Amino acid sequence: MAAYSGRGVHGQTVRLLGERVLSGRIGEGATIDLASLSEELGLSLTAIREAIKVLAAKGLVGSRQKKGTFVRPRGDWNLLDPDVVRWQIATGAGDVFFRDLAELRDALEPSAALLAARRRTDADVAELRTALTDIADSVGGPAEEAATADVRWHRALLAATHNELFIRTEVLLATGLSERDRLVHGGAPDDPVPSHAAVTEAVAAGDPAAAESAMRALLDQAREDLLRATEDDVPEDDLETTQ
């Protein structure tokens, strides 16, 4: 089950309908027949409407007089919502999602590392090192712990830029990183500590060029980890960095 806050039948219904939309089984613009769904799933109309409310909050569906409930255009979907990310992966769109995330990070994080090296404070360095310790402690443990530690480190790096817009991009990265980390750390990735330590120490030393270079190396390692975890045949150029 997706980690939606609703449990039991409600949570299962939200996920089922969400995956139908994400997979295209219920296409963009299509009207959703609530009565037919109620009959198909053996649920009350009230239960179906409650699930639809959750999808509406994520931008997947809308309602209109005379048209009823319908699937909104993909451009309206909150593709960074944690459940929507998981539904994309569950419906077989993980390759495209991870590629897009990787390309975004490749454009963003080396520059963030460079800025962090120029602007970091002692507190920023302390948080990076604490997060690095968390990463080291999580090696060999549950994938969930590794994911949490990794996201903490990346948030610390963005915070060290002291650029509010860079910092806000953690909203873009956190969910994707968490899902990527659960996948990769469920297998046998390379030790993540040396690559993260190289960036951390370059930032601490105030060396922008070294920090940028170390981040690019970290992303190269991340690409290899993802390729191993997915055993995908997608060309390497299409699956850029993700860690």
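In this text the structure is predicted, and so the values were computed from the model without any measurement.
- The side chain to side chain contact (heavy atoms under 4.5 Å, CB included) check on R129 picks up V125, T200, E201, A204, with sequence neighbours excluded.
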Evaluation steps, side chain to side chain contact (heavy atoms under 4.5 Å, CB included), between R64 and F70: CA-CA 8 Å; R64 193 174 295 152; F70 63 97; 3.4 Å; yes

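- Scanning all heavy atoms of the two residues, the minimum distance from L101 to L177 falls at CD2-N, 4.1 Å.
- Rounded to the nearest 0.5 angstrom, L34 CG and L45 CG are separated by 6.5 Å.
- For the atom pair CZ (R25) and OG1 (T91), the distance works out to 12.5 Å, reported to the nearest 0.5 Å.
- Side-chain contact between L173 and L158: present, with at least one pair of heavy atoms (C-beta onward) separated by less than 4.5 Å.
- Proximity of F97 to R180: side-chain heavy atoms (C-beta onward) are nowhere separated by under 4.5 Å.
- Pairs of residues two or more places apart, or lying in two chains, never qualify as salt bridge (charged side-chain N to carboxylate O under 4.0 Å, His left out) while including a residue from residues 110-125.
- The closest side-chain heavy-atom distance from R86 to R15 is not below 4.5 Å.
- Across all non-hydrogen atoms, the minimal contact from A147 to S178 is CB-O, 3.9 Å.
- Taking the salt bridge (charged side-chain N to carboxylate O under 4.0 Å, His left out) definition, one finds that E145 meets it with nothing, sequence neighbours left out.
- Taking all atoms of both residues into account, the shortest heavy-atom contact from L157 to V203 is CD1-CG2, 4.1 Å.
- By the rule that hydrophobic residues join a cluster once side-chain heavy atoms approach within less than 4.5 Å of another member, L104 and V96 end up as members of separate clusters.
- Contact annotation: the side chain of D225 approaches that of D190 to within less than 4.5 Å [non-hydrogen atoms, C-beta and beyond].
- Under the 4.5 Å side-chain heavy-atom criterion for Ile, Leu, Val, Met, Phe, Trp and Tyr, F166 and L114 are members of distinct hydrophobic clusters.
- For N163, there are no side-chain hydrogen bond (donor to acceptor under 3.5 Å, both in side chains) partners two or more places apart in sequence or in a different chain.
- Applying the salt bridge (charged side-chain N to carboxylate O under 4.0 Å, His left out) criterion to R20, with sequence neighbours excluded, gives E40.
- Using a 4.0 Å cut-off between charged side-chain N and carboxylate O, R182 and E144 make a salt bridge.
- With sequence neighbours excluded, the residues forming a side chain to side chain contact (heavy atoms under 4.5 Å, CB included) with I135 are A149, D150, W153, P192, V193, H196, listed by chain and number.
- If you take OG1 on T13 and CD1 on I48, they are separated by 6.0 Å, rounding to the nearest 0.5 Å.
- Partners of D207 by salt bridge (charged side-chain N to carboxylate O under 4.0 Å, His left out), not counting sequence neighbours: none found.
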For R152 and D134, run side chain to side chain contact (heavy atoms under 4.5 Å, CB included): C-alpha distance rounded to whole Å, both residues' side-chain angles, the deciding distance at 0.1 Å, then the answer. CA-CA 9 Å; R152 178 179 182 179; D134 287 351; 2.7 Å; yes

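- Contact annotation: the side chain of V54 approaches that of H10 to within less than 4.5 Å [non-hydrogen atoms, C-beta and beyond].
- Atom CD of residue E19 and atom CG of residue L16 lie 7.5 Å apart, to the nearest 0.5 angstrom.
- Rounded to the nearest 0.5 Å, atoms CG (L17) and CG (L37) are 5.5 Å apart.
- A159 meets the side chain to side chain contact (heavy atoms under 4.5 Å, CB included) test with no other residue; sequence neighbours excluded.
- Between the OG1 atom of T130 and the CD atom of E127 there is a distance of 5.5 Å, given to the nearest 0.5 Å.
- V199 and I167 are assigned to two separate hydrophobic clusters, defined by single-linkage of ILVMFWY side chains at heavy-atom distances under 4.5 Å.
- Contact between R72 and G62 at its shortest, heavy atoms only, is CG-N, 3.5 Å.
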Walk me through it: do D191 and V139 pass the test side chain to side chain contact (heavy atoms under 4.5 Å, CB included)? CA-CA 7 Å; D191 183 354; V139 172; 4.1 Å; yes

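- Checked against side chain to side chain contact (heavy atoms under 4.5 Å, CB included), P110 has the following partners two or more places apart in sequence or in another chain: E212, M215, R216, L219.
- Between S44 and S38, the shortest heavy-atom distance links the atoms C-OG, 3.7 Å.
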Apply side chain to side chain contact (heavy atoms under 4.5 Å, CB included) to L183 and I89, showing your working. CA-CA 11 Å; L183 175 64; I89 294 169; over 6 Å; no

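- Here salt bridge (charged side-chain N to carboxylate O under 4.0 Å, His left out) pairs that include residues 153-173, with residues two or more places apart or in two chains, are R155-E170, E164-R168.
- When the salt bridge (charged side-chain N to carboxylate O under 4.0 Å, His left out) test is applied to D137, no partner is found at least two apart in sequence or on another chain.
- Between T69 and T31, every side-chain heavy-atom pair lies at or beyond the 4.5 Å cut-off.
- Counting only residues at least two apart or on different chains, no ring pair (Phe, Tyr, Trp, His ring centres under 6.0 Å) pair has a member in residues 13-50.
- A 4.5 Å side-chain heavy-atom check between D81 and T175 finds every atom pair outside the cut-off.
- Closest approach of G206 and P208 over heavy atoms only: O-CD, 3.2 Å.
- Looking only at distances, no side-chain donor or acceptor of S213 sits under 3.5 Å from a matching main-chain atom of A209.
- Note: the hydrophobic cluster containing V9 also contains W87 (ILVMFWY, side chain heavy atoms under 4.5 Å, direct or indirect links).
- Inter-residue side-chain proximity for V14 and I52 is flagged as unmet; no heavy-atom pair is nearer than 4.5 Å.
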